[in-house]
Amino acid sequence: MITLDTPMDALLDSSHGKPKLLVVDDQPVNIQVMHQVFGGDYQVFMATSGSQALAICQANPPDLVLLDVVMPGMDGFEVCIQLKANEATRNIPVIFVTAHTDAAQETHGLSVGAVDFISKPVNPVVVRARVRTHLTLKFQSDLLRTLVFLDGLSGVFNRRYFDQQLGVEWGRASRNNSPLSVIMLDVDHFKLYNDRYGHQAGDDCLRQLAQTLKTCLKRTTDLVARYGGEEFACILPDTAFKNALTIATDMEQAVREQKIPHEFSSFGGVVTASLGLATRTADSTGDPLALVGLADAQLYQAKQSGRGRVCGTTLATAGGP
């Protein structure tokens, strides 16, 4: 994921992780040429058909696609159209690489969403310069999109991003019959904390806890977001209830171990949190709102049971309670 403090040069520097290029061409010799041009500084993937290219982009999205126009079956124009029609792939820049250089084809290619047109045989210096330019623009766009979804106070994702990604992950879990867990967390007696220590201290507390929660996540696909006020929410894709319960328990303990002074705390005078966990299993019914609602109900139960603890359950199955 692109972070706010990553310099643009670092994003394009192979020592900081090579950008991923997908070369699509039905002629292996053309793919070999591109691999020779880019193999040293980029991760180069290949596809020899339009359908294969679409499958790769869906499963492991590249940072840029170098796409031949003339291919048997599905041509490059149709591949580009389908990429741009898919929410998961529409932001991947496409550069057409073709032996046909007439203006009509180039106009059509740009109209269906390509960012550039390169003629065969390729000039290595030119194609490298153009790829670097479009990768820079792509990374800048990614960064701007990330800023839109960041909570300005805590530095983690905001409610808008949580809602969007929950829908995405619910769809993925439904297709793959995989589990999906959501954790809701509320800082205990936070109003009393603000009243005692002031709102500036309250803001500092939320920032510290947000970063603490991030350290408890296990994978890059896991996320924590500020849900509102002193409440945070986590999405844990492909995480079964038992594993999610371990993560929630770790979060509760990690918050406590920060030892942030809280005069009105019932737990040794430090800030604590209550957490609610809900897990969608392969057999669960319902929808994303039901999953969040169940996690919120478990959070309420944790607070009613004395705070500073985790309560959790799984989403009901067909024919279940």
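The model shown is predicted, which means the values in this text are computed figures rather than measured ones.
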- Task: May I ask you to test the K214-V156 pair for a side-chain heavy-atom distance under 4.5 Å?
- Result: yes
- Query: Under 3.5 Å, is there a donor-acceptor pair between the side chain of R219 and the main chain of P237?
  - Reply: yes
- Message: Tell me whether V255 shares a hydrophobic cluster with V224, the cluster being built from Ile, Leu, Val, Met, Phe, Trp, Tyr side chains joined at under 4.5 Å.
- Response: yes
- Query: Side chains of T249 and T246: do they bring a donor and an acceptor to under 3.5 Å?
  - Reply: no
- Message: Would you say that I92 contacts L22 through its side chain, given a criterion of any heavy-atom pair below 4.5 Å between the two side chains?
- Response: no
- Message: Within the supplied structure, the quantity of interest is the number of heavy atoms (other residues, nucleotides, ligands) at a distance under 6.0 Å from F190 CZ; does it exceed 12?
- Response: yes
- Message: Please check this pair: side chain of S265 against backbone of P261, looking for a donor-acceptor N/O pair closer than 3.5 Å.
- Response: no
- Taking the six-membered ring of Y227 (Phe, Tyr or Trp), confirm whether the NZ or CZ of R159 is under 6.0 Å from its centre and within 45° of its axis. yes
- Task: Determine whether more than 12 heavy atoms belonging to other residues, nucleotides or ligands lie under 6.0 Å from atom CZ of R160.
- Result: no
- Message: Using side-chain heavy atoms (C-beta onward) and a distance below 4.5 Å, is V24 in contact with V97?
- Response: no
- Item | NZ/NE/NH1/NH2 to OD/OE distance under 4.0 Å, D203 and R207 | no
- Item | M71 CE: over 12 foreign heavy atoms closer than 6.0 Å | yes
- Message: Could you see if V292 belongs to whatever hydrophobic cluster contains F149? Use Ile, Leu, Val, Met, Phe, Trp, Tyr and a side-chain cutoff under 4.5 Å.
- Response: yes
- Query: S274 and D188: side-chain hydrogen bond (donor to acceptor under 3.5 Å, both in side chains), yes or no, with the steps?
  - Reply: CA-CA 7 Å; S274 302; D188 295 327; 2.6 Å; yes
- Message: Is it the case that the side chain of R256 and the backbone of K259 share a donor-acceptor pair, with hydrogens and angles ignored and the cut-off at 3.5 Å?
- Response: no
- Side-chain contact test, heavy atoms from C-beta onward, threshold under 4.5 Å: evaluate it for C234 versus M251 and give yes or no. yes
- Donor-acceptor side-chain pairing of E78 and Q82 below 3.5 angstrom: yes
- Query: Is there side-chain contact between V271 and C205, with at least one heavy-atom pair below 4.5 Å?
  - Reply: yes
- Query: Applying the 4.5 Å side-chain criterion to the ILVMFWY set and letting contacts propagate, would L166 and L275 be lumped into a single cluster?
  - Reply: no
- Are V112 and K84 close enough that some pair of their side-chain heavy atoms sits under 4.5 Å apart? no
- Message: With rounding to the nearest 0.5 angstrom, report the CZ to NZ distance, F45 to K20.
- Response: 6.0 Å
